[in-house]
Amino acid sequence: MATPPQPLEVEPVLTPDDATPDPMIRARGLRKSYGDVRALDGLDLDVPRGTVLGLLGPNGAGKTTCVRILATLLVPDEGTVDVAGIDVIARPDAVRARMGLSGQYAAVDEYLTGFENLVMVGRLYGFDRRRARARAKELLERFSLADAGDRPARTYSGGMRRRLDLAGALVAEPDVLVLDEPTTGLDPRSRNQMWAVIRELVAGGATLLLTTQYLEEADLLADQIVVIDRGRAIAKGTADDLKRQIGGERVEVVVADPSALEAVREVLEQVTGGEVVVDGETRTLTAPAVAGPQTLMEVLRRLDTEAIVLDDVGLRRPTLDDVFLELTGHGAEDTVADETNQDGS
Amino acid sequence: MSSVQRVVVDGSIIATRNLIKLKRVPEVLVFVLISPIMFVLLFAYVFGGAIDPGAGISYREFLIGGIFAQTVVFGATFTGAGLAEDMQKGIIDRFRSLPMSRSAVLVGRTGSDVVYNLLSIVIMSGTGLLVGWRITSNVPDALAAYALLLLFAYAFSWIMAYVGLMVPSVEVINNASFVVIFPLTFVSNAFVPVESFPTALRHFVEWNPVSSVTQAVRELFGNVNPAAPVPDVWSLQNPVLYTLIWIAVILVVFVPLSVRRFKATSR
Ligand SMILES: Nc1ncnc2c1ncn2[C@@H]1O[C@H](COP(=O)(O)OP(=O)(O)OP(=O)(O)O)[C@@H](O)[C@H]1O
Ligand SMILES: [Mg+2]
């Protein structure tokens, strides 16, 4: 296996030793292995109070492992974690009292109604009956679950379950929240609702760590992004930093006839002056759109004069895959392939 | 709140949650509660004619005490299965992320299963009365018999709770527990008198706690002939005390063992 690349420190630099003002979550050198699989391989994280950190990575990158360590569900093999200055490993209960977790799979009781689920959580936080009920009602309203509140959770749709789970994380109004892929599996409408809720929480002063596989989502919600691959941070910075790093928007051209690939590649190279990525299998070429729509128009004019037939053409935002290609030289999906190779020993 | 209070409060919250599930899915109960009825009918009418309990009492009178003991031992499987299921469900992550007592899930599970055992004992008593079993002692003794059965059931729940935490899935639990439960209940005086076992097995039967709890409830319900001799071993001469010792030992061993196991799997 090639040595993993060193983290590309994009401005503003977040090195482990610098004094992050008022860190709410601080992790140093986290390592965790499952047998031969190294899920986390020396991860450092800093989340200043009142900010949102997006942990961006493909399947198997180690996001859930990291979240479970922060939320006291898992003890790392090595490394330290503080939440609000409290050592997570030494004093898990003190951390549990201040942190809300919404894991990758909704942690709700199927047989209990939405209301009963939230009342139970409130009671387990030490609320008396009346306070637990009042809080449950309030949260059901807020997450548009009031009408479904008296139905067992197993009758809920995926999006409703997800919202109920997040409501469970908010029962004790924690000032730190950890959300593991909060929008995966949601339809666009539910996703928008979830984004709105998250923004509201941030506006209310909460500190958030959320994981996602979508650059777009990290861009929308996070102040800082840490890209992880195979348990290591491969880039840190703001969404803009990352985009600058990978060249922002890209022109994507799909040719009808594979024999035209070379001609188009030349056109793209000349117009953009950047590196052109060619995928012969899907007859797709991409290049950085240095001047946005102007680049696209110029490319179209040139292709038109050369009478090249296209299946598709457009501008698209960079995806996690582009980030990976740029930062590691391999696509995001390669990590998964690697992971299966590591299995079974 | 002190940590003991916390265990009790959190445990009862979890127990309430388990009981809500029983209420929502009563089908779970049906088969488990039918099995003791089946055993009564099977032994009373199929094997009954072939077994002579001796000592001047009818087989049905002799049988019910044994079925009581067998029912609560079998019923403990319910605890193991419930816990094994819990451990696979997403909700367990919620519990682990809350600042609640770490033993509440176990205390709640074994606690709610007392209700289940109570139900099965009521059904058993009804079935027994139908086939001709009678309590011939007095009310305090009968209540003591029921209390002893419930305590024994509670202790056994903790054994099966531990098993439930060890198995990888719910399906395994029935097989795993029957390996323990079948010999314990059948190599005892629950269905046949001690005297009918060959000498090699006799010692096991005599010191088997299922035998002592059976002997104890037979005596407390007045289902023994006072003139007939009880086997001359301390365990069966003092069945209540011997059973209580077993209950204490089981709890002292399996409560901490299960709690430790739960904590280990949760972190
Ligand atoms: N309980 C486990 N036993 C064995 N291997 C595990 C276990 N949990 C995680 N892993 C492995 O650790 C690595 C990181 O897993 P993790 O779940 O943290 O990734 P992830 O970034 O959350 O992925 P996804 O996007 O699919 O949720 C993977 O290779 C995974 O196979
Ligand atoms: Mg994950």
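On a predicted model such as this, the values are computed, not experimentally measured, just so you know. Chain letters run A, B, ... following the sequence lines, proteins first, then strands; residues in each count from 1.
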Exercise. Please flag which part of B/Leu98 lies under 4.5 Å from any non-hydrogen atom of chain A: side chain, backbone, both or neither.
Key: both
Quiz prompt | Heavy-atom proximity to chain B below 4.5 Å, by part of A/Ala106 | solution = backbone
Quiz item: For B/Lys89, is it the side chain, the backbone, both or neither that has a heavy atom under 4.5 Å from a heavy atom of chain A?
Solution: side chain
Quiz prompt | Flag, side chain of B/Arg109 to backbone of B/Gly80, donor-acceptor distance under 3.5 Å | solution = no
Quiz item: Taking A/Thr211 for the side chain and A/Glu181 for the main chain, is one N or O donor matched with an acceptor at less than 3.5 Å?
Solution: yes
Exercise. Using atom types as modelled and distance alone, determine if a side-chain donor or acceptor of B/Arg94 lies under 3.5 Å from a backbone N or O of A/Leu101.
Key: yes
Quiz item: Do we get A/Arg191 above A/Tyr214's six-membered ring, with its NZ or CZ under 6.0 Å from the centre and within 45° of the axis?
Solution: yes
Quiz item: In terms of heavy-atom proximity below 4.5 Å to chain B, should A/Arg129 be classed as side chain, backbone, both, or neither?
Solution: neither
Quiz item: Given B/Phe156 and B/Phe74, is the ring pair (Phe, Tyr, Trp, His ring centres under 6.0 Å) satisfied, shown in steps?
Solution: CA-CA 9 Å; B/Phe156 241 84; B/Phe74 271 58; over 10 Å; no
Practice problem: Against chain B, label A/Tyr105 side chain, backbone, both or neither, depending on which of its atoms sit under 4.5 Å from a heavy atom there. | Solution: neither
Self-check item: Engaged part of A/Asp165 at the chain B interface, taking heavy atoms whose separation is under 4.5 Å
Solution: both
Quiz prompt | Under 4.5 Å from any heavy atom of chain B - which part of A/Ala172 | solution = neither
